[in-house]
**Student:** 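Dropping a structure here in structure tokens format, bear with me for questions.
For clarity, every value in this text was computed on a predicted model and none was experimentally measured.
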Number of protein chains: 2
Amino acid sequence: MKKYAGQSAMLVAIDCIIFGFDGDELKLLLIQRGLEPEKGKWSLMGGFVKPKEDLEKAAARILKQLTGLEDVYMEQLQAFGDPDRDPVERTLSIAWFALVDIHKYEKQLSDDHHPEWVPVKKLPKLVFDHRKMVDLAKKRLQYKAALHPLLFELLPDRFTIPQLLNLYQALYDKKLDKRNFNRKLLSAKLLIKQKYKKKEGSRRGAFYYKLDKRKYYSNIDAFMSFLPAREIFS
Amino acid sequence: MKKYAGQSAMLVAIDCIIFGFDGDELKLLLIQRGLEPEKGKWSLMGGFVKPKEDLEKAAARILKQLTGLEDVYMEQLQAFGDPDRDPVERTLSIAWFALVDIHKYEKQLSDDHHPEWVPVKKLPKLVFDHRKMVDLAKKRLQYKAALHPLLFELLPDRFTIPQLLNLYQALYDKKLDKRNFNRKLLSAKLLIKQKYKKKEGSRRGAFYYKLDKRKYYSNIDAFMSFLPAREIFS
DNA sequence: GCAAAAGTGTTCCTGGTACACCCATGT
DNA sequence: ACATGGGTGTACCAGGAACACTTTTGC
């Protein structure tokens, strides 16, 4: 195997921006960094890409390592390559964002990174350029979710419309009209109505819905505006 | 300077998907690869990231090396990291796409890569995974240009509305209604009408327009649908 | 005077938005 | 009975889509 002469290599890492929603706030799963430098500081979950490993695989591996979850929605965000972003050694990082059901996570045993779900709106200081990654990920999520059915990935299999409304409101930090939201949502015909929900948070109870997975997967790139889209990006 | 122990580095390259428009077809600037392996085969313009070089800078450097152009619209597309994508040695590539004014390019002296503008619809076989990069870049451009004023980057400073219409039609491979297109376009108020154009391609001549750069740059992320957007992605 | 492209207006209809009241239940 | 959140209908308006004819000029 010949090599390219005179070129210099660098380390390649993955960092994961992991979104979750607890019914009230949009959250990120952060860890306390286990390596020097900045050991113990808040950080995104990350890791190095292995010599024979695909980027997708690496991202999935790292996500699973922290959350125990597989088959999670992930999307490559962007490569971050400032030569000085890691003071130790030049390290390129490919940021991925993931949308997970926060409740599924809670049942998992997490490893020893001391992970915590932190509200996106109250982020602590993060190491390196992780803050930039988070900001970009949030923008990207806002952008994409305004046009595509995506946020279902953050909710359990069964969910109610008020939950979904809360999620949108949390992501965009705006109040939305529930009547209009409802209508748009149902007109997409992606939801299947279930039985009643009793207990939590309401006297009357709200109906559960499930995704019509068939339509969902064939439409995941479909264009539908769940929002007053042109005003949301202001 | 301490190092991360036991991690393996890899080469990091940039590949540029360079779009141009000749008034009729959408084209890509390809080169004949100068390195083994696959020397002489069609390829995107690329190069390795230098040890102290930023990704943006590297992409701009490589673009300038081929086209002589600076201050060109560029956007990071995605990292391609299949471990076997380059048979010589593991090389991660960050693909960028660029929109250039094909006529500005033609006035430049090009280097010895034997570059050629090739219609996107008649691409030759490309080395490695470059075809995947091109396909993704085209999809991304279609997506973004349906919602944002972007394609001006492919045209000269002065252009006519029929030219712009041709460009949209070429990108989406669909015919568009010129009356509706016209109205939408002008309602964005990004264009400033100029004098007549005589010669080329028409007896009557079409008016030139220029971009209102002030509004353009403050609105480059603005949301405006120049197209029957929800039908264009089919 | 005719061919070829530029330019322009109207109607229809969808879909977005604003807005307010009743319903079901637990306490 | 009342408080709390769940659920629903309507009227208005903006903007997208469909559609055809007139204008200018070079030949």
**Student:** Measuring from the side chain of Asn180(B) (C-beta onward, heavy atoms only), which nucleotide among dG6(D), dA18(D), dC19(C) has the closest atom?
**Tutor:** dA18(D)
**Student:** Below 3.5 Å, does any donor atom in the side chain of Arg183(A) face an acceptor in the base of dT10(D), or the other way round?
**Tutor:** yes
**Student:** How far does CD of Glu153(B) sit from CG of Asp101(B), to the nearest 0.5 angstrom?
**Tutor:** 10.0 Å
**Student:** Expressed as a whole number of angstroms, how long is the span from Asn166(A):CG to dG6(D):P?
**Tutor:** 8 Å
**Student:** In whole angstrom, give the distance that lies between atom CG of Leu185(B) and atom P of dG7(C).
**Tutor:** 12 Å
**Student:** For Gln163(A) and for Asp177(A), locate the closest nucleotide of DNA chain D by heavy-atom distance; then report the residue assigned to the nucleotide nearer the 5' terminus.
**Tutor:** Gln163(A)
**Student:** Calculate, to the nearest 0.5 Å, the distance between atoms CG and CG belonging to Leu185(A) and Leu190(A) respectively.
**Tutor:** 8.0 Å
**Student:** How many whole angstroms separate atom CG of Leu191(B) from atom P of dG7(C)?
**Tutor:** 12 Å
**Student:** Mark yes or no: Lys193(A) above the aromatic ring of Phe207(A), with NZ or CZ under 6.0 Å from the six-membered ring centre and no more than 45 degrees from the axis.
**Tutor:** yes
**Student:** Between Lys27(A) and Asp22(A), is there a salt bridge with N-O shorter than 4.0 Å?
**Tutor:** yes
**Student:** Taking atom types as they are modelled, is there a donor-acceptor pair under 3.5 Å from the base of dG7(C) to the side chain of Lys178(B)?
**Tutor:** yes
**Student:** From CZ of Phe181(A) over to P of dG16(C), roughly how many Å is that when rounded to an integer?
**Tutor:** 13 Å
**Student:** Tell me which nucleotide among dT8(C), dC19(C), dA5(C) gets nearest to the side chain of Ser202(B).
**Tutor:** dA5(C)
**Student:** Assess whether a salt bridge exists between Asp212(B) and Arg214(B), defined as any Lys/Arg side-chain N lying under 4.0 Å from an Asp/Glu carboxylate O.
**Tutor:** no
**Student:** What integer distance in Å separates Asn182(B):CG from dC19(D):P?
**Tutor:** 19 Å
**Student:** Would you mind reading off the distance between Leu164(A) atom CG and dG7(D) atom P, rounded to a whole angstrom?
**Tutor:** 12 Å
**Student:** Check the distance between dG15(D)'s P and Arg179(B)'s CZ and give it to me in whole angstrom.
**Tutor:** 20 Å
**Student:** For the base of dT23(D), is there a side-chain donor-acceptor partner from Arg204(B) under 3.5 Å away?
**Tutor:** yes
**Student:** What's the CG-C1' distance between Leu186(B) and dG7(C), to the nearest Å?
**Tutor:** 11 Å
**Student:** If you pin Phe207(B) and Arg203(B) to their nearest nucleotides in DNA chain C, which one's is more 5'?
**Tutor:** Arg203(B)
